[in-house]
Amino acid sequence: MHSRDKIRNIAIIAHVDHGKTTLVDKLLQQSGTFRENEAVQERAMDSNDIERERGITILAKNTAIQYKDFLINIVDTPGHADFGGEVERIMKMVDGVLLVVDAFEGTMPQTKFVLRKALEQHLTPIVVVNKIDRPNARPAEVVDEVLDLFIELGADDNQLDFPVVYASGLMGMSSLDPEKLDENMQALYDTIVSHIPAPTENVEEPLQFLVTLMDYNEYLGRIAIGRVNRGTVRQGQPIAVINREGQVKQARVEKLFGFQGLKRIEIEEAGAGDIIAISGIKDINIGETLADPANPEALPVLKIDEPTLQMTFLVNNSPFAGREGKWVTSRKLRERLFKELETDVSLRVDETDSPDAFVVSGRGELHLGILIENMRREGFELQVSKPEVIIRVIDGQKMEPIERLIIDLPEDSMGSVMESLGTRKAEMVNMINNGSGNVRLEFLIPARGLIGYRTYFLTLTRGYGVMNHAFDSYGPYAGSGVGGRHEGVLISSETGTSTFYGMLSVEDRGTLFLEPGTEVYEGMIVGEHNRDNDIIVNICKEKQLTNVRSATKEDTVKMKTPRLYSMEQALEYLNDDEYCEITPKSIRLRKKILNKGERERFEKQRKMAEANA
């Protein structure tokens, strides 16, 4: 067991892409954690496949660094607002935070979100101005922005007296002086050791341990990760497990692990202030307390912000169901969704009147999109409905989630972007023009207005615009007609294989979403109509052969490039009467009711019901 005054527990928090994971890489490398000849991949903390592909952190992960005779436990957190539940849990494990801010971009929506959570827990902050070697870096202004943000969030005097370290995570350099960087991370190590307080919990009191993260191992089963809040824990020790409802059951610690770099090392004993992993407890979940059986006291249950977006997950019932996936039944879908609840505390799953449909609520499109992507990689086939924001009634008033949106874009695109956001009920709260040809705009906008906006925004800014948003608060409902798609779609009239000839005959009606030779079914969406109504088309039509031949007839015929959607783009594109069919190999858009006659009857009944109401 380490001496309490030689332990430092910190979390690294920041807006997405401000360099948290790269900074942890360099701290690990320069601490001598790895052997000189050891092969270590970049962004070593991003171990999940999707994290490595997308270059973002999704799951919070912890590591430990030995610096001189200090043990520094570091928790790397996600930067996306959609994974804020991970950040909120982590704050219970640490005594201080490294707030990483980009030396050019400054404070962003997620910077505000994560800092608010840290200040609420009265954690000691250190500000790291990262990417100091970027062209156009403006460290002095960025530090002023951070100070303004601390004041706005009601930081106390001790928190306002934060030290600032200037760094380049990519180059592995840091300094207390922005003009002259040292060739190592010494300045950052020393600042952590001198400013972050050591754990103050008592080792002599009865055991308390809050489960903050979960892992799974085929040999060890569930592994609970968290911080020993008081007392000591040993291998083989009997303990009491207190669940979120306050019920107590008895268990035993089979194995105890500490952390060293990216490895877990088996230890005999751990004391208050240590971040450890415990295995051998069946059915353990996040938010539960492990305590002394003679004195089973529960720690406060983790409070997590409520979800703001929901989608319906359904069993795949399309004509192509069961062709490509391994898991296709409602029992397997239900099992998988409820299993996700064990590790993701910011997710909600509600059963519906139908055994084949489940309402899944999360923190945003990316949050739910990552869950769907994981499921399809595991071999699931499913259908999902259009994402919808969760409307609440607060003090008798209808309220909806409002997002804080920050946009960086070229000056010449400003007019069209502001006009497009105006129709989505956005309210501009700030505009900064630094004279370099780029403008930063800040808006408050209903979350409904942002669904499906990103692709349109990139078109308006010709790909040069950057938008970031995070949940701000609940505000009065802005009425219907916010956001949504205004274009109609092209719907296949046949089940078969799309042909070059059939697609050529309908491409002047709109933009197609697939290539020749793709299998389609009746009711499947094959393109976007030029107008606002849906039309039925036959793209499986084959050319009738004749005896008449022309040497040049086919030479000049060329088809426009189809618009192929990624999964996130497909989810954004959906309308109320449509589903997205997701399988391990395909993503298809379809109408909820596939048959044209049934669709028309349903629409007629809906309009009559609305007129009577």
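In this chain, numbering begins with 1 at the start of the sequence shown. Quick caveat, the model's predicted, so the values are computed rather than measured.
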Colleague: Can you name the side chain to side chain donor-acceptor pair (under 3.5 Å) partners of Asn229, sequence neighbours left out?
Modeller: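 Residues passing side chain to side chain donor-acceptor pair (under 3.5 Å) with Asn229: none at all.
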Colleague: Is it the case that the side chain of Ser385 and the backbone of Thr312 share a donor-acceptor pair, with hydrogens and angles ignored and the cut-off at 3.5 Å?
Modeller: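 Side chain of Ser385 to backbone of Thr312: a pair is present.
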Colleague: Does one side chain, of Glu269 or Gln235, offer a donor that lies under 3.5 Å from an acceptor on the other?
Modeller: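 Distance-only check fails for Glu269 and Gln235.
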Colleague: Do Glu324 and Ser586 pair up side chain to side chain, a donor and an acceptor below 3.5 Å, judged on atom types alone?
Modeller: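 There is such a pair between these side chains.
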Colleague: So, does Arg376 use its side chain to make a donor-acceptor pair with the main chain of Thr583 at under 3.5 Å?
Modeller: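 Looks like yes, one N/O pair under 3.5 Å.
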Colleague: Spell out, as yes or no, whether a donor-acceptor pair under 3.5 Å connects the side chain of Arg252 to the backbone of Gly236.
Modeller: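 Such a contact is found between Arg252 side chain and Gly236 backbone.
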Colleague: Where do Ile7 and Pro199 come nearest, in terms of heavy atoms and distance?
Modeller: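 Minimum heavy-atom contact is O-CD, 3.3 Å.
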Colleague: Would you say Lys117 and Leu115 make side-chain contact, with heavy atoms under 4.5 Å?
Modeller: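 Result no, sub-4.5 Å side-chain heavy-atom pair not found.
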Colleague: Is it the case that the side chains of Asn243 and Glu288 hold a donor-acceptor pair, with the cut-off being a distance below 3.5 Å and no angle test?
Modeller: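 No, because no side-chain N or O of Glu288 sits under 3.5 Å from a partner of the opposite role on Asn243.
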Colleague: Could you tell me whether a side-chain N or O of Asp156 sits under 3.5 Å from a main-chain N or O of Asn158, the two making a donor and an acceptor?
Modeller: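 Pair found, side chain donor or acceptor close to backbone of Asn158.
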Colleague: Between Val360 and Arg348, is any pair of side-chain heavy atoms under 4.5 Å apart?
Modeller: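 A side-chain contact is absent here, since even the closest heavy-atom pair is not under 4.5 Å.
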Colleague: Looking only at side chains, do Ser168 and Asp133 share a donor and an acceptor under 3.5 Å apart?
Modeller: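 There is such a pair (donor and acceptor under 3.5 Å, judged by atom type) between the side chains of Ser168 and Asp133.
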Colleague: State plainly whether the residues Glu268 and Arg234 are in salt-bridge range, i.e. N to O under 4.0 Å.
Modeller: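 A salt bridge is absent here (no side-chain N lies under 4.0 Å from a carboxylate O).
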Colleague: Which pair of non-hydrogen atoms, one from Ser361 and one from Leu368, has the smallest distance, and what is that distance?
Modeller: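 What the structure gives for the nearest pair is C-CD2, 4.2 Å.
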Colleague: Taking all non-hydrogen atoms of both residues into account, name the closest pair between Ile13 and Val114 and its distance.
Modeller: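 Nearest heavy atoms, Ile13 then Val114: CD1-O, 3.8 Å.
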Colleague: Would you name the heavy atoms of Thr289 and Leu299 that are closest together and state the gap between them?
Modeller: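 Where Thr289 meets Leu299 most closely, the heavy atoms are OG1-N, 3.1 Å.
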Colleague: Backbone N or O of Lys68 within a donor-acceptor pair of the Tyr189 side chain at under 3.5 Å?
Modeller: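 It does not hold such a pair.
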Colleague: Between OG1 of Thr63 and CD1 of Ile12, what distance do you get to the nearest 0.5 Å?
Modeller: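 So the gap between those two atoms works out to 10.0 Å.
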Colleague: Counting only N and O atoms by type, is there a donor-acceptor contact under 3.5 Å from the side chain of Asp274 to the main-chain atoms of Gly271?
Modeller: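 Side chain of Asp274 to backbone of Gly271, a donor-acceptor pair under 3.5 Å: yes, one is there.
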Colleague: Below 3.5 Å, can you tabulate the donor-acceptor pairs from side chains in residues 123-130 to any protein atom, sequence neighbours excluded?
Modeller:
{"residue": "Asn130", "atom": "OD1", "partner": "Gly169", "partner atom": "N", "Å": "2.9"}
{"residue": "Asn130", "atom": "ND2", "partner": "His18", "partner atom": "O", "Å": "3.0"}

Colleague: Does the distance from a Lys or Arg side-chain N to an Asp or Glu carboxylate O, for Glu254 and Lys282, drop under 4.0 Å?
Modeller: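 Between Lys282 and Glu254 there is no salt bridge, as every charged N stays at least 4.0 Å from the carboxylate O atoms.
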Colleague: Grab the two heavy atoms, one from Leu571 and one from Gly369, that are nearest each other, plus how far apart they are.
Modeller: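 Where Leu571 meets Gly369 most closely, the heavy atoms are CD1-CA, 4.4 Å.
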Colleague: Please round to the nearest 0.5 Å and tell me the distance separating atom CG of Leu176 and atom CG of Leu188.
Modeller: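 One finds 9.5 Å between CG of Leu176 and CG of Leu188.
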Colleague: Looking only at atom types and distance, does a side-chain atom of Gln208 sit under 3.5 Å from a main-chain N or O of Glu297, one as donor and one as acceptor?
Modeller: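 Flag set: sc Gln208 to bb Glu297 pair under 3.5 Å.
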Colleague: Rounded to the nearest 0.5 Å, what's the gap from CD1 on Ile278 to CD1 on Ile284? Could you check?
Modeller: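 Reported to 0.5 Å precision, the distance equals 8.5 Å.
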Colleague: Please test Asp95 against Arg227 for salt bridge (charged side-chain N to carboxylate O under 4.0 Å, His left out), starting from the C-alpha separation and ending with a verdict.
Modeller: CA-CA 11 Å; Asp95 302 299; Arg227 171 180 175 146; 3.0 Å; yes
Colleague: Using the benzene-type ring in the case of Trp, are the ring centres of Phe358 and Phe313 under 6.0 Å apart?
Modeller: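 No: the rings miss the under 6.0 Å criterion.
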Colleague: What's the separation between atom CG in Leu213 and atom CD1 in Ile275, rounded to the nearest 0.5 Å?
Modeller: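 Between Leu213 CG and Ile275 CD1, I get 9.0 Å after rounding to 0.5 Å.
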Colleague: Test your reading of the model: is there a side-chain donor-acceptor pair from Asp182 to the backbone of Asn184, 3.5 Å cut-off?
Modeller: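 Absent.
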Colleague: Is the shortest heavy-atom distance from the side chain of Val193 to the side chain of Tyr67 under 4.5 Å?
Modeller: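 Touching, per the 4.5 Å side-chain cut-off.
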Colleague: Could you go step by step and tell me if Glu152 and Lys112 meet the salt bridge (charged side-chain N to carboxylate O under 4.0 Å, His left out) rule?
Modeller: CA-CA 10 Å; Glu152 183 191 331; Lys112 183 175 182 176; 2.6 Å; yes
Colleague: Within 45° of the six-membered ring axis of Phe338 and under 6.0 Å from that ring's centre, is NZ or CZ of Arg336 located there?
Modeller: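 That pair does not qualify as a cation-pi contact.
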Colleague: Is it true that atom NZ of Lys339 has more than 12 heavy atoms of other residues, nucleotides or ligands lying nearer than 6.0 Å?
Modeller: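 For Lys339, atom NZ is not crowded (no more than 12 foreign heavy atoms under 6.0 Å).
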Colleague: Going by atom types alone, do Arg244 and Asn285 pair a side-chain donor with an acceptor below 3.5 Å?
Modeller: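 Short answer, no.
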Colleague: With rounding to the nearest 0.5 angstrom, report the NE2 to CZ distance, His195 to Arg8.
Modeller: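 One finds 11.5 Å between NE2 of His195 and CZ of Arg8.
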Colleague: Return the minimal non-hydrogen interatomic distance between Ile196 and Gly96, and the atom names on each side.
Modeller: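 Closest heavy-atom pair between Ile196 and Gly96: CD1-CA, 3.8 Å.
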Colleague: Find out whether Val384 and Ile582 are in side-chain contact, i.e. whether some heavy atom of one side chain is under 4.5 Å from a heavy atom of the other.
Modeller: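 Of all side-chain heavy-atom pairs linking Ile582 with Val384, at least one is under 4.5 Å.
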Colleague: In terms of ring plane angle, is the pair Trp327 and Phe380 parallel, tilted or perpendicular, where the classes change at 30° and 60°?
Modeller: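 Tilted, since the angle between the ring planes falls between 30° and 60°.
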Colleague: Checking the side chain of Thr212 only, and the main-chain atoms of Leu210 only, is there a donor and an acceptor separated by less than 3.5 Å?
Modeller: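 Present.
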Colleague: Is Arg323 salt-bridged to Glu381, cutoff N-O under 4.0 Å?
Modeller: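 A salt bridge is absent here (no side-chain N lies under 4.0 Å from a carboxylate O).
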Colleague: I'd like to know if the side chain of Arg230 reaches the main chain of Pro206, judged simply by a donor and an acceptor atom lying under 3.5 Å from each other, with no hydrogens or angles considered.
Modeller: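 The answer is yes, because a donor-acceptor pair under 3.5 Å joins these two groups.
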Colleague: Measuring from atom CD of Glu365 to atom CD1 of Ile370, what distance do you get when rounded to the nearest 0.5 angstrom?
Modeller: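 Nearest 0.5 Å value for the CD-CD1 distance: 12.0 Å.
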